[in-house]
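One structure is given below, encoded as structure tokens.
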Amino acid sequence: PVMYYAFENRPPHKLLYLSSLFDSLGYSIDEWRNDQRIWKDSLHEEDRERVLKEIGLAIKTGSNLDLEYRVVGKNKEIHWIRNKGCAVKN
């Protein structure tokens with residue numbers, strides 16, 4: 001399934017859009033919107049540092065992003081994610 005999201009590229013990286021498929025990870029859409037730590041905390045511990053570094057670099061430089069990593073759902077099930085993204089500037 002394809003899951004879409006958008007966030008501001010400046011801290012605190014406010015969530016702008018989140019597709020309903022994100023609830024397949026066990027968290028409601030309201031939980032995703034109201035607790036920005038969920039995404040970071042759900043990153044698999046072996047992938048977290050690399051993912052945060054690569055996403056941070058993409059945000060800083062405005063470069064495209066193409067990552068594969070694991071997230072741990074609310075029920076502790078592991079999901080593989082392919083995250084492709086690009087910066088959109090006004």
Side-chain angles (χ1 to χ4, degrees):
V2 177
M3 298 159 56
Y4 293 97
Y5 67 94
F7 60 89
E8 292 180 345
N9 65 348
R10 293 189 182 109
H13 306 293
K14 179 182 173 189
L15 186 63
L16 301 172
Y17 176 78
L18 190 69
S19 67
S20 61
L21 283 174
F22 272 85
D23 66 4
S24 66
L25 298 174
Y27 298 96
S28 72
I29 298 303
D30 285 337
E31 286 177 292
W32 284 103
R33 286 191 176 124
N34 296 322
D35 186 353
Q36 293 186 344
R37 295 172 302 169
I38 288 176
W39 178 77
K40 188 184 289 186
D41 291 347
S42 70
L43 292 171
H44 191 282
E45 65 182 53
E46 294 177 10
D47 299 337
R48 186 175 294 126
E49 184 178 339
R50 172 182 58 85
V51 170
L52 293 175
K53 182 178 178 180
E54 290 188 40
I55 289 175
L57 181 62
I59 291 170
K60 182 178 180 180
T61 64
S63 60
N64 290 342
L65 183 68
D66 191 354
L67 295 173
E68 284 191 14
Y69 55 90
R70 295 164 287 182
V71 296
V72 181
K74 191 173 190 176
N75 66 357
K76 305 302 181 202
E77 184 177 344
I78 295 175
H79 304 265
W80 277 95
I81 302 290
R82 180 159 187 205
N83 190 342
K84 295 180 79 170
C86 63
V88 178
K89 299 178 182 179
N90 292 336

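This one's a predicted model, so the numbers in the text were calculated from it and none came from an experiment. The analysis underlying the following values was restricted to heavy atoms, covering all of them including side chains, and did not include hydrogens, waters or symmetry mates.
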Open item on the list: Taking V51 as the starting point, is it possible to reach L57 by hopping between hydrophobic residues whose side chains are less than 4.5 Å apart?
Closed with: no
Open item on the list: I need the single residue from L65, D66, V71 that forms a side chain to side chain contact (heavy atoms under 4.5 Å, CB included) with N83. Which is it?
Closed with: L65
TODO: Side-chain contact test, heavy atoms from C-beta onward, threshold under 4.5 Å: evaluate it for W39 versus I55 and give yes or no.
DONE: yes
TODO: Working to the nearest 0.5 Å, report the span between CD of E68 and CD1 of I81.
DONE: 10.0 Å
- [ ] Any chance you could measure S42, atom OG, to K76, atom NZ, to the nearest 0.5 Å?
- [x] 10.0 Å
Task: By side chain to side chain donor-acceptor pair (under 3.5 Å) - contacts of Y27 (at least two apart) - done: none
TODO: With sequence neighbours excluded, tell me which residues meet salt bridge (charged side-chain N to carboxylate O under 4.0 Å, His left out) with E31.
DONE: K74
Open item on the list: Can you tell me how far apart CG (L15) and CG (D35) are? Round to the nearest 0.5 Å.
Closed with: 11.5 Å
Task: pair V72-E45: side-chain heavy atoms closer than 4.5 Å - done: no
Open item on the list: Could you report the tightest heavy-atom contact between M3 and S19, atom names first, then the distance?
Closed with: CA-OG, 3.4 Å
TODO: To the nearest 0.5 angstrom, please state how far the CH2 atom of W32 sits from the OG atom of S20.
DONE: 13.0 Å
Open item on the list: Nearest 0.5 angstrom please: I78 CD1 to H44 NE2, how far?
Closed with: 4.0 Å
Open item on the list: Could you see if Y4 belongs to whatever hydrophobic cluster contains L18? Use Ile, Leu, Val, Met, Phe, Trp, Tyr and a side-chain cutoff under 4.5 Å.
Closed with: no
Open item on the list: Can you tell whether the side chains of D41 and R48 come within less than 4.0 Å, N to carboxylate O?
Closed with: no
Task: Residue pair D23 / S28, side-chain heavy-atom distance below 4.5 Å - done: no
Open item on the list: Within this structure, what is the CZ-OH distance for the pair R33 and Y17, rounded to the nearest 0.5 Å?
Closed with: 8.5 Å
Open item on the list: Applying a strict under-4.5 Å side-chain criterion to I, L, V, M, F, W and Y, I'd like to know whether I59 and L52 cluster together.
Closed with: yes
